[in-house]
Amino acid sequence: MRSVRTLFKPYIFEADIDGDIYELLSPFDLLQGIKDLEIEDLTKIEIQYLMKVLSKPELDGNILLQELL
């Protein structure tokens with residue numbers, strides 16, 4: 001069993017936002033990590049809703065890793 005951090009480690013990047021460092025994932029990288037888990041049966045609507053809930057417009061559409069942990 002792998003942790004979320006371990007699974008997404010190749011895709012995580014850091015961003016300095018107002019003096020604080022945050023770990024982020026791009027939406028594409030989130031989907032790649034899901035594929036790495038061999039989950040390939042998500043429908044387009046499921047992916048849309050997943051992105052709508054997780055991506056942050058104020059972070060240029062990126063996803064906070066903390067929300068996945």
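Quick caveat, the model's predicted, so the values are computed rather than measured. Along the sequence shown, the residues carry numbers beginning at 1.
For Gln66, the CD atom counts as loosely surrounded, since its 6.0 Å shell holds 12 or fewer non-hydrogen atoms of other residues, nucleotides or ligands. When the shell of 6.0 Å around CD of Glu38 is examined, it contains 12 or fewer heavy atoms from other residues, nucleotides or ligands.
Residue Glu40 holds its CD atom at 11.5 Å from CG of Leu31, rounded to the nearest 0.5 Å. Atoms NZ and CD1, from Lys44 and Ile47 in turn, are 9.0 Å apart once rounded to the nearest 0.5 Å. In this structure, CG in Leu59 is found 12.5 Å from OG in Ser26, a value given to the nearest 0.5 Å. Here the straight-line distance linking atom NZ of Lys52 with atom CG of Leu54 works out to 13.0 Å at 0.5 Å rounding. In this structure, Leu24 CG and Leu64 CG are separated by 6.0 Å, a value rounded to the nearest 0.5 Å. The line from CG of Leu42 to OH of Tyr49 is 14.5 Å long, rounded to the nearest 0.5 Å.
Residues Leu30 and Met51 form a side-chain contact, since some pair of their non-hydrogen atoms from C-beta on lies under 4.5 Å apart. Proximity of Ile63 to Asp29: side-chain heavy atoms (C-beta onward) are nowhere separated by under 4.5 Å.
The same ILVMFWY cluster, assembled from side-chain heavy atoms under 4.5 Å apart, contains both Ile39 and Leu50. Leu69 is connected to Leu37 through a chain of hydrophobic side-chain contacts under 4.5 Å among Ile, Leu, Val, Met, Phe, Trp and Tyr, so both are in one cluster. Cluster annotation: Ile17 is not connected to Leu65 through the hydrophobic network of ILVMFWY side chains, with a link wherever side-chain heavy atoms come within less than 4.5 Å.
Here the closest non-hydrogen pair linking Leu7 and Gly33 is CD2-O, 3.8 Å. Closest non-hydrogen pair, Gly61 versus Ser55, comes out as O-CB, 3.1 Å. The shortest heavy-atom contact between Leu68 and Phe8 is CD1-CE1, 4.3 Å.
For residues 7-26, every residue pair satisfying the salt bridge (Lys or Arg N to Asp or Glu O under 4.0 Å) rule, not counting sequence neighbours, is listed here: Arg5-Glu23.
Residues satisfying the side-chain contact (heavy atoms from CB on, under 4.5 Å) criterion with Gln32, sequence neighbours excluded, are Tyr11, Phe28, Lys35, Asp36.
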